[in-house]
Amino acid sequence: MKKLLPLTLIASPVFAFFPFTGEDTQTLGKGKFQLELQSSHFKSYDGSKETSILTQLTVGIFDNVDLAVFVPYTWVSNGENVRGFGDAGLFIKHVPLRFENTRVGYRAQVNLDTGKRGLGNGTSTYSLNLMLEHNIGSTTLNVNAFYNKVSHAKQDLRDSRGIALGLYRKVGEKLTVGGELNYQVPEEKEINKRDLYLIFGLVYSPVDSLDLSIGFHKNVNKHEGFTDYGVLAGIAYRF
């Protein structure tokens with residue numbers, strides 16, 4: 001089965017504590033900005049490959065509310081090569097509940113129909129993340145439940161939903177290491193397996209305003225419609 005990898009797998013739950021997919025509960029603060037470049041390379045079990053570079057600008061609207069806009073550029077190889085801009089989008093993240101060691105929030109996102117044919121969904125799609133984060137010393141436990149509304153885009157798609165469990169640990173003042181387990185119902189109706197994958201990564205912050213990240217994605221359930229492995233790298237600058 002040769003097919004284009006659905007861009008929503010990259011554009012939906014990937015804007016977080018990159019390279020992890022579960023949205024974190026940190027916000028920038030009112031009037032502050034963050035510029036990000038996120039790159040990823042995925043190879044699927046069917047042999048198709050996808051490389052993407054995503055540019056994202058986030059602004060702190062209030063101390064507990066962030067607004068972000070993003071644009072992905074993607075190369076896909078699945079017997080033929082397709083490249084161009086995918087569906088741009090925006091999201092709002094709100095963290096209304098903050099306790100001493102626990103935070104609860106949500107992120108609502110829309111992917112706009114701006115992508116090149118074959119790289120976008122052909123219509124706007126939507127997603128919602130609910131996130132819970134708890135700190136135990138220098139360790140953070142992150143739980144995300146997410147729902148992606150895509151079934152209206154194409155007849156062979158269904159709404160995707162799942163959960164991401166992340167564990168991150170601060171090592172010294174500049175390095176954070178972590179792992180994440182992600183379980184979801186895939187978007188393609190013909191796939192009767194659940195997509196289960198792991199992400200291992202680290203984030204190095206040489207100064208408070210800069211994050212350098214790298215990660216490795218590996219699928220647990222083998223299926224020709226799933227990603228076999230992926231390599232991710234990113235940079236974020238706050239100002």
- Query: After noting the C-alpha distance and the side-chain angles of Leu35 and Phe239, does the key distance pass the side chain to side chain contact (heavy atoms under 4.5 Å, CB included) rule?
  - Reply: CA-CA 8 Å; Leu35 180 63; Phe239 55 98; 4.2 Å; yes
- Kindly determine whether Ser205 and Asp211 satisfy side chain to side chain donor-acceptor pair (under 3.5 Å), including the steps that lead there. CA-CA 5 Å; Ser205 305; Asp211 294 335; 2.6 Å; yes
- Task: Carefully, step by step, assess Val95 and Val104 under the rule side chain to side chain contact (heavy atoms under 4.5 Å, CB included).
- Result: CA-CA 6 Å; Val95 185; Val104 180; over 6 Å; no
- Item | Derivation of the side chain to side chain contact (heavy atoms under 4.5 Å, CB included) call for Leu232 and Ile214 | CA-CA 6 Å; Leu232 309 101; Ile214 190 167; over 6 Å; no
- Item | Residues Ser44, Phe226; criterion side chain to side chain contact (heavy atoms under 4.5 Å, CB included); working and verdict | CA-CA 6 Å; Ser44 292; Phe226 291 163; over 6 Å; no
- Message: Test side chain to side chain donor-acceptor pair (under 3.5 Å) on Asn221 and Asp195; report intermediate values, then the result.
- Response: CA-CA 6 Å; Asn221 279 351; Asp195 197 358; over 6 Å; no
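Residues Phe20 and Tyr168 bring their aromatic ring centres within 6.0 Å.
At a threshold of 4.5 Å between non-hydrogen side-chain atoms, the residues Val143 and Ile163 count as touching. Using a 4.5 Å cut-off on side-chain heavy atoms (C-beta onward), Lys49 and His41 make contact. You'll find the side chain of Glu50 reaches within 4.5 Å of the side chain of Thr74, heavy atoms only. Residues Val203 and Leu212 form no side-chain contact, since every pair of their non-hydrogen atoms from C-beta on lies 4.5 Å or further apart. With a 4.5 Å cut-off on side-chain heavy atoms, Asn129 and Gln109 do not count as touching. When side chains are defined from C-beta on, Lys222 counts as touching Tyr45, because their heavy atoms get closer than 4.5 Å. Contact check for Leu175 versus Val177: side-chain heavy atoms found under the 4.5 Å cut-off. Counting heavy atoms from C-beta outward, Tyr147 and Ser127 have side chains that stay 4.5 Å or more apart.
Side-chain N/O atoms of Asn144 and Arg107 include no donor and acceptor closer than 3.5 Å. Looking at Thr58 and Gln56, their side chains do bring a donor and an acceptor atom within 3.5 Å of each other. Between the side chains of Thr27 and Arg103, no donor-acceptor pair is found at a separation under 3.5 Å. No hydrogens or angles considered: a donor-acceptor pair under 3.5 Å links the side chains of Asn182 and Thr21. Remark: the Asp159 side chain and the Asn148 side chain contain no N/O donor-acceptor pair separated by less than 3.5 Å. Judged by distance alone, the side chains of Asn111 and Thr125 do bring a donor and an acceptor atom under 3.5 Å apart. Counted by atom type alone, Arg158 and Ser151 present zero donor-acceptor pairs between their side chains at under 3.5 Å. Counted by atom type alone, Asn142 and Glu133 present one or more donor-acceptor pairs between their side chains at under 3.5 Å.
Placement of Met131 and Leu165 in two distinct hydrophobic clusters is found when ILVMFWY residues are connected by side-chain heavy-atom separations under 4.5 Å, directly or transitively. Taken together through direct or relayed side-chain contacts under 4.5 Å among Ile, Leu, Val, Met, Phe, Trp and Tyr, Val69 and Tyr237 form part of one hydrophobic cluster. Both Leu112 and Leu67 sit in one connected hydrophobic cluster of ILVMFWY residues. Membership requires side-chain heavy atoms under 4.5 Å apart, directly or through other members. No chain of hydrophobic side-chain contacts below 4.5 Å, direct or via other Ile, Leu, Val, Met, Phe, Trp or Tyr residues, connects Leu141 to Val171. Linking Ile, Leu, Val, Met, Phe, Trp and Tyr whenever their side-chain heavy atoms come within less than 4.5 Å leaves Val110 and Leu130 in two separate clusters.
Here the shortest heavy-atom pairing between Ser213 and Pro19 reads CB-CD, 3.8 Å. Residues Ala164 and Gly22 approach most closely at CB-CA, 4.3 Å, considering heavy atoms. The minimum heavy-atom distance linking Leu90 with Phe70 is given by the pair N-CE2, 3.5 Å. Taking both residues in full, the closest heavy atoms of Ala88 and Val71 are given as CB-CG2, 4.0 Å, listed atom of the first, atom of the second, then distance. Scanning both residues, Ala236 and Glu36, for their nearest heavy atoms gives CB-CG, 3.7 Å.
Under the ring pair (Phe, Tyr, Trp, His ring centres under 6.0 Å) rule, His217 has a single partner from Phe200, Phe42, Tyr229, Phe18, which is Phe42. Partner of Glu188 under the side-chain contact (heavy atoms from CB on, under 4.5 Å) criterion, chosen from Val185, Ile191, Asn192: Ile191.
Residue Lys149 qualifies as enclosed at atom NZ: its count of foreign heavy atoms under 6.0 Å is above 12. The 12-atom threshold is exceeded at CZ of Phe216, counting heavy atoms of other residues, nucleotides or ligands nearer than 6.0 Å. The number of heavy-atom neighbours closer than 6.0 Å to CZ of Arg98, taken from other residues, nucleotides and ligands shown, is above 12.
Rounding to the nearest 0.5 Å gives a distance of 10.0 Å between CD of Gln34 and CG of Leu210. Taking CG from Leu28 and CD1 from Ile61, the interatomic distance works out to 10.0 Å, rounded to the nearest 0.5 Å. The CG atom of Leu54 sits 11.0 Å away from the CZ atom of Phe85 when rounded to the nearest 0.5 Å. With rounding to the nearest 0.5 Å, the separation of CZ in Phe91 from CG in Leu128 is 13.0 Å. Of the inter-residue distances, the one linking Phe99 atom CZ with Asn135 atom CG reads 13.5 Å to the nearest 0.5 angstrom. Expressed to the nearest 0.5 Å, how far OG1 of Thr176 lies from CG of Leu202 amounts to 9.0 Å.
Between the side chain of Asp87 and the main chain of Asn121, a donor-acceptor pair closer than 3.5 Å is present. Counting only distance, with no hydrogens or angles, the side chain of Thr51 and the backbone of Trp75 share no donor-acceptor pair below 3.5 Å. Between the Asp46 side chain and the Ser48 main chain, a donor and an acceptor come within less than 3.5 Å of each other. No side-chain donor-acceptor contact under 3.5 Å links His223 to the backbone of Arg194. A donor-acceptor pair under 3.5 Å is absent between the side-chain atoms of Thr139 and the main chain of Arg169, judged by distance alone. Of the possible polar contacts, none joining the Lys154 side chain to the Gly122 backbone as a donor-acceptor pair under 3.5 Å is found. Counting only distance, with no hydrogens or angles, the side chain of Lys116 and the backbone of Arg83 share a donor-acceptor pair below 3.5 Å.
Remark: Asp228 engages Lys218 in a salt bridge, criterion side-chain N to carboxylate O under 4.0 Å. A salt bridge links Lys93 with Glu23: at least one charged nitrogen is closer than 4.0 Å to a carboxylate oxygen.
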